[in-house]
Structures are given as C-alpha cells and as structure tokens.
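A quick write-up on the structure given underneath.
Counting starts at 1 for both ligands and their atoms, in listed order.
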Amino acid sequence: MGSSQWTAERQELLNAAHEMCQDGLVLGSSGNVSLRIRDNERELIAITASSIPYASMELDHIVVIDHDGEPIVGDYIPSSELFMHSAIYRARDDVKSIMHTHSVFASALAVSGMKIPAILDEMVIAMGDEVAVTEYAHPSSEELGIEVVKALDERSAVLIKNHGFLGVGKTPNEALNICKLGEHVSKILFYSHMLGKVDKIPESIVNAELEIFRMRKLS
Ligand SMILES: [Zn+2]
C-alpha cells in the first residue's frame with residue numbers, strides 16, 4: 001500500500017508531534033505520539049517513527065502498523081515504545097490517541113516516585129482524581145506497557161517511573177493538551193513542595209469534578 005493512505009490522520013499526528021517538540025516537552029527524537037485507526041474490521045496504529053528528530057519530521061515519518069508492529073504504511077521503523085501504545089489501546093476503548101513525553105518537571109516527579117494529587121480543578125476535570133506513578137519497567141519493554149496500563153487505570157495521564165509522562169485523549173491534539181497540562185501541574189506541585197505545604201482540593205469537589213471527567217470521556 002502507498003504511503004498516501006490515512007494522510008489526514010497522519011498529518012494531524014505530525015502537527016501534534018511538532019508542537020510537542022516546540023513546546024519543549026521532549027528532546028531531539030525522544031517521546032512518541034500515536035493515533036488509533038479503525039480500518040473496517042482491522043485495528044491499526046499510526047505512530048511516529050523511531051529516532052527521527054521532531055524538528056525534521058515529515059509525513060513519511062508517521063508510519064501505520066498493526067498491533068503486532070507489522071508495517072502497513074511507511075518504510076520507517078516505528079517508535080520503540082509501540083508495545084506501550086498497543087497495550088493502552090487494547091485496555092482502553094475510549095482512548096484514540098496517546099502522547100508520551102520527557103518533560104522536565106513531570107520527569108522529576110517520576111524520578112522521585114511522587115504522584116500528582118488533586119491540586120487544581122482543571123487537572124481533575126481533564127485527567128482524573130490524581131496522576132499516579134508506574135512501577136519501574138525498562139523503556140520499550142512489554143512490561144512497561146503492563147505497568148502503564150495498571151497505573152493509568154481510567155485516567156488520562158500517568159507518570160512513568162524514572163522516565164517521563166504519558167497523556168491520552170480522543171485526538172492527538174487532546175493528548176498534547178494533557179501533556180502540556182501535566183507539565184504545568186507538575187511544575188506547580190514542585191513549587192508548592194518548595195513552599196512547604198501542598199493542600200489538595202476538598203474531596204467532595206474532587207468527586208463532583210470526577211463526574212465531569214467521566215461524562216467527557218463518554219461524549
Ligand atoms: Zn520515553
């Protein structure tokens with residue numbers, strides 16, 4: 001099949017990958033972005049290619065693979081984190097796009113093993129009651145996919161232990177916005193710790209905001 005397939009979807013993915021880099025959420029070719037593609041009965045994944053700096057990434061560098069990593073469109077090697085992306089799509093039917101970043105403040109929390117509690121209203125509405133930290137698993141391993149699915153649960157963001165951040169959404173742009181918000185909240189939590197006090201949002205408010213989060217996922 002020619003590389004002209006799913007051009008609109010791949011372009012949407014490419015735009016999000018470029019913005020992820022411009023926003024400083026990754027360095028060089030690290031991180032990755034994917035989009036679920038339903039092709040009749042088949043489930044496919046469009047994903048950024050491995051080892052291509054985002055600054056020079058073009059449409060040809062967005063490849064389409066099946067869940068076993070077999071190439072469908074494109075000649076480039078898919079991201080080495082394809083196991084992780086595939087594991088999330090298998091576990092979460094509501095997820096249509098995934099972005100994984102190495103942004104500094106989120107990665108610092110992931111190194112400390114410090115989860116993000118419900119500290120900002122916009123965070124709970126967009127991500128869920130907290131952002132948990134996974135158990136450590138080696139990058140690119142199938143085990144990492146298992147740990148990410150476990151810690152992500154029904155939420156839209158997770159901190160990857162000693163590694164970075166991951167956000168999910170219905171579109172690449174939504175996953176990008178989760179990653180941007182994740183870095184913003186991580187930075188605020190970092191500074192709150194420096195001030196010596198971290199107050200969470202009252203539980204009744206968190207529960208009400210969680211309802212909004214769940215309704216948005218279903219819409
Ligand atoms: Zn990574």
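Taking the six-membered ring for Trp, His100 and His85 have ring centres at least 6.0 Å apart.
Atoms of the protein (N, O or S only) found under 2.8 Å from the Zn ion (ligand 1) are His100 NE2, His102 NE2, His163 NE2.
Between Phe105 and Tyr191, the ring-plane angle classifies as tilted under the 30° and 60° cut-offs. Aromatic ring orientation, His138 versus Tyr136: perpendicular (interplanar angle above 60°, classes split at 30° and 60°).
Heavy-atom minimum distance, Ile201 versus Leu120: CD1-C, 3.3 Å.
A salt bridge is absent between Glu43 and Arg90: the closest approach of a Lys/Arg side-chain nitrogen to an acidic carboxylate oxygen does not fall below 4.0 angstrom. With salt bridges taken as basic N to acidic carboxylate O contacts below 4.0 Å, none links Lys96 and Glu174.
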